[in-house]
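In the text below, chain A, chain B and the rest are named by the order of the sequence lines, each starting its count at 1. We use all heavy atoms of the structure for the numbers below, so side chains are in, but hydrogens, waters and symmetry mates are not.
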Number of protein chains: 2
Amino acid sequence: MAFEDPAVTVDVIIFTIKDGRLQLLCVQRENEPFKGDPALPGGFIDINESLETAATRILEEKTGVTDVYLEQLYTFGDPDRDPRKRVITVSYFAIVNHDDVTVSGDDADWYPVRDRPDLAFDHDSIVSYANQRLQWKLEYTTAAFSFLPEQFTMSDLQKVYETVFDRSFDKRNFRRKIKKLDLVEDTGTKTENVSHRPATLYRPNKDVGEIVEIL
Amino acid sequence: MAFEDPAVTVDVIIFTIKDGRLQLLCVQRENEPFKGDPALPGGFIDINESLETAATRILEEKTGVTDVYLEQLYTFGDPDRDPRKRVITVSYFAIVNHDDVTVSGDDADWYPVRDRPDLAFDHDSIVSYANQRLQWKLEYTTAAFSFLPEQFTMSDLQKVYETVFDRSFDKRNFRRKIKKLDLVEDTGTKTENVSHRPATLYRPNKDVGEIVEIL
DNA sequence: ACAAAAGTGTTAAACATACACCCATGT
DNA sequence: ACATGGGTGTATGTTTAACACTTTTGT
């Protein structure tokens with residue numbers, strides 16, 4: 001029995017919707033193993049920072065944003081998940097609005113979640129797990145707003161659901177549900193300069209709790 | 001920035017129903033800090049074992065059982081959660097049938113979840129979190145069977161829900177729901193030597209998936 | 001005969017689903 | 001005038017929630 005300490009890292013799955021697709025942020029690995037492959041952004045935790053602080057730090061380093069949806073996902077710790085040494089990784093997942101983000105140059109880029117290339121280490125299975133959790137979150141909480149700017153149309157919101165679940169929803173039933181649950185409030189403004197009927201802009205209703213069964 | 005490795009432990013929240021109450025297994029701390037206080041069973045991970053293997057090992061050490069419901073709960077890593085040094089703990093929660101367990105002597109004992117004494121370290125908040133997750137699991141999966149023996153009556157099953165949620169359910173509606181979802185099958189046997197009408201014994205229906213919306 | 005838990009149906013309200021047309025704007 | 005997406009209502013089936021009495025056994 002060797003009770004030697006393993007290394008501990010934090011990896012962050014950063015989801016956004018870009019070009020109408022669910023995408024995630026990866027960095028290109030600079031060294032072996034998996035040199036050149038895309039990998040989840042991550043890093044070792046500082047001995048004095050909390051796990052969530054580490055996740056926030058990594059998120060900010062790659063995207064410049066801090067005040068976004070972020071939650072712990074799962075801790076992966078198979079002895080051989082890193083071929084070099086024992087590394088336990090505490091994963092977090094984040095949802096960002098693509099317009100708020102400036103991807104910091106160092107080989108970070110967006111990859112579509114469905115149809116992504118192979119990722120380094122066990123990051124593929126981490127992403128699969130994160131994607132399941134993301135779907136669950138949209139079903140049962142108001143997390144969908146995190147993909148959107150402060151004001152959005154009903155169609156914008158519906159598109160978030162359609163993108164994440166990769167299926168369509170009935171417009172009338174969708175709107176009825178959102179209004180019934182009182183998830184949004186009318187901002188009193190409408191979209192402008194659109195070559196069709198202007199749409200009402202909504203904002204999230206702050207009085208609604210985090211947990212609400214939506215679908 | 002010090003990238004020194006923290007210690008990593010696994011703690012296990014072991015739930016059972018005993019004397020009609022939801023209880024959890026704690027061990028008494030033998031050393032400072034928190035000497036004498038009840039604490040979650042746990043231990044350092046061996047450098048070669050997976051996190052789940054470590055959790056299974058700890059579970060077996062304390063209860064003698066291995067083949068039970070066990071899932072990762074959350075990873076707690078605040079820098080000051082252990083006053084001595086940086087310790088990150090990956091928590092797991094387990095559900096056991098009290099009759100299958102022999103609590104191994106070394107100061108391990110059952111404590112009621114509602115109405116428990118103060119626990120060592122941040123274990124109180126870990127237990128609160130585990131209790132929320134337990135309720136969620138019973139609502140949305142078939143985890144309730146894990147509290148019960150292989151055969152049980154509808155009333156036994158209903159009592160599990162009533163104990164965990166600390167409220168009562170309507171007997172007719174409860175039975176209709178369970179039967180509708182096809183969660184159980186009739187074993188063809190009935191309770192014996194009960195001083196009232198014998199009850200049908202059921203077993204879990206193996207064809208039912210893990211995820212089912214129950215309540 | 002009594003005590004104790006098992007077992008069973010109906011009704012009303014809420015919710016989910018499927019479905020098609022008119023509206024307001026820019027070009 | 002046309003193209004584009006915005007916006008709305010109804011009917012049907014399903015699910016939930018509330019509610020009380022009879023049955024079977026042991027003592």
Side-chain angles (χ1 to χ4, degrees), chain A residues 17 19-20 135 138-140 144 148-149 151-163 165-203 205 208 211-215, chain B residues 17 19-20 135 138-142 144 148-149 151-163 165-203 205 208 211-215:
Chain A
I17 291 176
D19 307 328
Q135 292 199 5
L138 292 215
E139 263 190 87
Y140 293 105
L148 294 170
Q151 302 196 347
F152 49 83
T153 66
M154 278 290 181
S155 295
D156 291 338
L157 184 58
Q158 185 172 342
K159 264 175 229 139
V160 170
Y161 281 90
E162 292 183 335
T163 304
F165 289 93
D166 199 22
R167 72 177 190 86
S168 61
F169 294 92
D170 179 86
K171 185 162 55 156
R172 283 166 292 189
N173 294 340
F174 183 82
R175 287 166 186 236
R176 184 176 17 253
K177 192 78 182 255
I178 301 299
K179 288 190 172 146
K180 180 115 215 302
L181 294 170
D182 233 355
L183 297 186
V184 295
E185 53 186 29
D186 191 332
T187 61
T189 54
K190 295 192 167 263
T191 52
E192 281 171 34
N193 302 317
V194 285
S195 75
H196 53 76
R197 180 170 170 179
T200 304
L201 287 165
Y202 296 90
R203 71 171 79 84
N205 180 351
V208 175
I211 306 283
V212 186
E213 195 166 319
I214 295 173
L215 300 184
Chain B
I17 291 175
D19 307 329
Q135 293 199 5
L138 262 58
E139 263 191 85
Y140 293 105
T141 77
T142 57
L148 295 169
Q151 301 195 347
F152 49 84
T153 66
M154 278 291 181
S155 296
D156 291 338
L157 185 58
Q158 186 172 341
K159 266 176 226 135
V160 169
Y161 281 90
E162 292 182 335
T163 304
F165 288 94
D166 198 23
R167 72 178 192 88
S168 61
F169 293 93
D170 179 85
K171 185 161 56 156
R172 283 166 292 188
N173 292 341
F174 182 83
R175 285 166 189 237
R176 182 175 19 250
K177 192 79 181 254
I178 300 299
K179 286 189 172 148
K180 180 116 212 297
L181 294 170
D182 234 355
L183 298 186
V184 295
E185 54 187 28
D186 191 332
T187 61
T189 54
K190 295 191 167 263
T191 51
E192 282 171 32
N193 302 319
V194 285
S195 74
H196 54 77
R197 178 170 174 179
T200 304
L201 286 164
Y202 296 90
R203 71 170 79 86
N205 181 350
V208 176
I211 304 284
V212 187
E213 194 166 322
I214 296 173
L215 300 186

### Summary
Whole-Å distance, B:Arg197 CZ to C:dA4 P, equals 17 Å

### Summary
Rounded to whole Å, the CG-C1' distance (A:Leu201 to D:dG7) equals 14 Å

### Task
Identify, between B:Pro198 and B:Ser195, the residue whose nearest nucleotide on DNA chain C lies closer to the 5' end.
B:Ser195

#### Entry: Nearest-nucleotide comparison on DNA chain D, the residue closer to the 5′ end among A:Asp170 and B:Asn173
A:Asp170

### Summary
The complete set of ring-ring contact (aromatic ring centres under 6.0 Å, His included) pairs with one or both residues in residues 170-194 of chain B, sequence neighbours excluded, reads B:Tyr161-B:Phe174

### Side-chain heavy-atom pair B:Lys179, B:Met154 within 4.5 angstrom cut-off
yes

### Task
Output, in order, the C-alpha distance, side-chain angles, deciding distance and verdict of side chain to side chain contact (heavy atoms under 4.5 Å, CB included) for B:Phe165 and B:Leu215.
CA-CA 11 Å; B:Phe165 288 94; B:Leu215 300 186; 3.6 Å; yes

### Task
May I ask you to say what A:Thr200 touches in the nucleic acid, namely base, sugar-phosphate or nothing, with a heavy-atom cut-off under 4.0 Å?
sugar-phosphate

#### Entry: Rounded interatomic separation in angstrom, taking CD from B:Glu192 and C1' from C:dA6
16 Å

### Task
Verify whether one side chain among B:Thr189 and B:Thr187 offers a donor that lies under 3.5 Å from an acceptor in the other.
yes

### Task
Evaluate the side-chain proximity of B:Arg203 to B:Pro149: yes if any heavy-atom separation is below 4.5 Å, no if none is.
no

### Message
Can you work out whether B:Val194 or B:Glu213 has the more 5'-proximal nearest nucleotide on DNA chain D?
### Response
B:Glu213

### Message
Could you check whether any side-chain heavy atom of B:Thr141 comes within less than 4.5 Å of a side-chain heavy atom of B:Val212, counting everything from C-beta outward?
### Response
no

### Task
Determine whether B:Lys190 and B:Thr200 make a side-chain contact, defined as any pair of heavy atoms from C-beta on separated by less than 4.5 Å.
yes

### Message
For DNA chain D, which residues of residues 176-184 of chain B approach it to below 4.0 angstrom with any heavy atom?
### Response
B:Arg176, B:Lys177, B:Lys180

#### Entry: Minimum-distance pair of heavy atoms, taken over all atoms of A:Ala144 and A:Leu157
CB-CD1, 4.1 Å

### Query
Under a 4.5 Å cut-off applied to non-hydrogen side-chain atoms, are B:Leu181 and B:Val208 in contact?
no

### Query
Which residues within residues 153-162 of chain A lie with some heavy atom under 4.0 Å of an atom in DNA chain C?
none

### Query
Nearest-Å distance, NZ (B:Lys171) to P (D:dC19)?
16 Å

### Task
To the nearest Å, give me how far apart CG (A:Leu215) and C1' (C:dA16) are.
12 Å

### Summary
Considering only heavy side-chain atoms of A:His196, the closest of C:dG7, D:dG5, D:dG7 is D:dG5

### Query
Are OP1 or OP2 of D:dG7 and a side-chain N or O of A:Arg175 less than 4.0 angstrom apart?
yes

### Task
Would you mind reading off the distance between A:Asn193 atom CG and C:dA24 atom C1', rounded to a whole angstrom?
14 Å

### Message
I need the CZ-C1' distance between A:Arg167 and C:dA18, as an integer number of Å.
### Response
13 Å

### Summary
Separation of D:dT16 atom P from B:Ile214 atom CD1, nearest Å, is 12 Å

